[in-house]
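Atoms within a ligand are numbered from 1 in the order they appear, just like the ligands themselves.
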Amino acid sequence: MSRTDSTLLATTAPADAGALLAPGELVHAGPGEAPEWWRDAVIYQVYPRSFADGDGDGIGDLPGITSKLDHLAELGVDAVWLSPFYRSPQKDAGYDVADYRDVDPLFGTLADLDELLAKAHARGIRVVVDLVPNHTSDQHAWFQAALAAPEGSPERARYIFREGRGENGELPPNNWQSIFGGPAWTRVTAGAGARPVTGAADEVPGQWYLHLFDSSQPDLDWENPEVRSEFEDVLRFWLDKGVDGFRIDVAHGMVKAPGLPDWDGTVSMVEGTETTDSAEDAEDVVDPGAPEDGSTGAGNSGPMFDQDGVHEIYRDWHQVLAQYDGDRALVAEAWVEPLSRLARYVRPDEMHQAFNFSFLTTAWSAAPLRTVIAASLRANDEVGAPTTWVLSNHDVVRHASRLGLENPSLRPNGIFAHEPQPDEELGLRRARAASLLMLGLPGSSYLYQGEELGLPEHTALPDDVREDPAFFRTQGAEAGRDGCRVPLPWHADAPGYGFGPSGKTWLPQPESYARYAADAQRGVAGSTYETYRAALATRRAERLGSGTLAWVDAFADSPDVVAFRNRDVVVLANLGTEPVVLPHGVEVLAESGPVVTDRSADPQVRVPSDTTVWLRAL
Ligand code: BGC
């Protein structure tokens, strides 16, 4: 479309800057100043195996992370969250922990962790570690002891072993399905010295054990006081080392409904996930609108999730953390809806933050975004907790690709090469706009490594390199999450794009990563990296994280524009197809893409489609 055409079609903002910038309905007053660091922090998720490789084995490690702390300091994040680096057979990339108090040799040593902590702290970066309490690895000493001991023993009582149903116990104790596909129960042989049944003629089958995830991840029994005290001790171990907080894996899953009743619903990483076989199908899916409570289908229900009893655990943990200085924090990974239900995890005596997956799963559409933003802030204000915002992590399709899908409200957990492919350019434009919208919101934001480079999902991974158990347990029906876990590109011209000294990478990188490499973007005006960096600096200078949110009246019902005021800054995201023409007299503080400014003495700003700007009155 030519410039003249777009002018004719442009959406025009109020004619004067005063009207544009005037605050409308106040949704959130903000704390003014954040009394604790985590209330307004930007926290960067490091997925250790894919961040940076220090020793050249093709798998990222702790020394690799330490070597890149200057990148994170330059980017301007407040904290990092490290996905698991503990001893683990790596059946689920470390979310299957065999020893909660040690570093897996793959990632380094405890001394490497100490060094990482010291060097991060020296740069003013806090460190949050991942805790996986719902299940252990089957290689954990406790599970090995449970198999070695007979039915009814205290060793078995740390896990959820049950007799089967049917005449000879040949049916699982209930009908639950694993989140990765297939049954959530595995049967072992009878008596002490048990092992998973194979069907061999001479074996005597015995009890079943529960695993909400892979069969190598047996669920712990959180009714057992020994389990509770063990994890309090694990918390203390890492708090003593100086970590600043914990991200709690599957925080909504530890307590199960009494009697483990059958349940006919479905469970998935992102419940409500829709898949489509063709672009035509996608066109038929209409935007479902936005329920008032901000629900998007990101919640899991059923007797294995969000049971009231789980909150007791967090009250105890809150007390453990309170014995340490430095405002240590707990963040819940809880796929729970509605947002008012999620807010229960962050009541004043429980956790400090919870990931806002309703925001992550909201369509790229103005009305649902306004709804989820308001519902999130209101639900958290009720309990005095900050809202968090997140667009990507190691379990979902990177938002630069998700938002480039024909219908961005479809949320597969991975994309195969034979499936409809995301539009890379559109996806990146929208991802940058979505990120700038997110970083302008009051509260705490989570970034996933590589999003500051605009990295797309790898959508053409050959099946023989995949590692995600979700791919295997669905017999290849789901691509799984490997595509968002590809090693980062640091140097455009180096082997493995500079991931490590040998050029080896545990997953192959797409050729497009040369364009996205950090060194190809550093210092380049308008690059995704410099856009994030500038946004983080402005966010800090304007104290947006502890600020306010009032809708801009002029766009309060707009089908195309989300606009709000945070302190003195107006954040305006244009999701429509036509540019938004801004009145004279506004200063652009940050932009997710180039805003066309004419060169006259009194310039006028046009915000193109899928672009976000931060503005202030001149
Ligand atoms: C983690 C996943 C992991 C699962 C089982 C989660 O929600 O984020 O990566 O596979 O828990 O631990």
Atoms in ligand 1 flagged as close to E333, the criterion being non-hydrogen separation under 4.0 Å:
6 (C), 7 (O), 8 (O)
Quick check for you: to the nearest 0.5 Å, what is the distance between C484 atom SG and E457 atom CD?
5.0 Å
Could you list which atoms of ligand 1 come closer than 4.0 Å to a heavy atom of H135?
5 (C), 12 (O)
Counting heavy atoms only, which of D249, V97, D395, D468 is nearest atom 9 (O) of ligand 1?
D395
Is the closest heavy-atom distance from R247 to ligand 1 below 4.0 Å?
yes
Cation over ring, R228 on W222, under 6.0 Å and within 45°?
no
Ring pair (Phe, Tyr, Trp, His ring centres under 6.0 Å) partner of W81, the single match among F355, F246, Y44:
F355
Taking only heavy atoms of R481, which atoms of ligand 1 are found under 4.0 Å from at least one of them?
2 (C), 3 (C), 9 (O), 10 (O)
What atoms of ligand 1 come closer than 4.0 angstrom to any heavy atom of V250?
11 (O)
Have Y446 and N356 got a donor and an acceptor in their side chains that come within less than 3.5 Å?
no
Aromatic plane relationship, H71 with W490 - under 30° parallel, 30 to 60° tilted, over 60° perpendicular:
perpendicular
Of the side chain and backbone of F180, name the one, both, or neither that has a heavy atom under 4.0 Å from an atom of ligand 1.
side chain
Record the part of H211 in heavy-atom contact with ligand 1 below 4.0 Å; permitted values are side chain, backbone, both and neither.
neither
Just to verify, what does D219 make a salt bridge (charged side-chain N to carboxylate O under 4.0 Å, His left out) with, not counting sequence neighbours?
K256
So, are R328 and D244 salt-bridged, with charged N and O less than 4.0 Å apart?
no
What do we get for R485 next to ligand 1 when only non-hydrogen atoms under 4.0 Å count, side chain, backbone, both or neither?
side chain
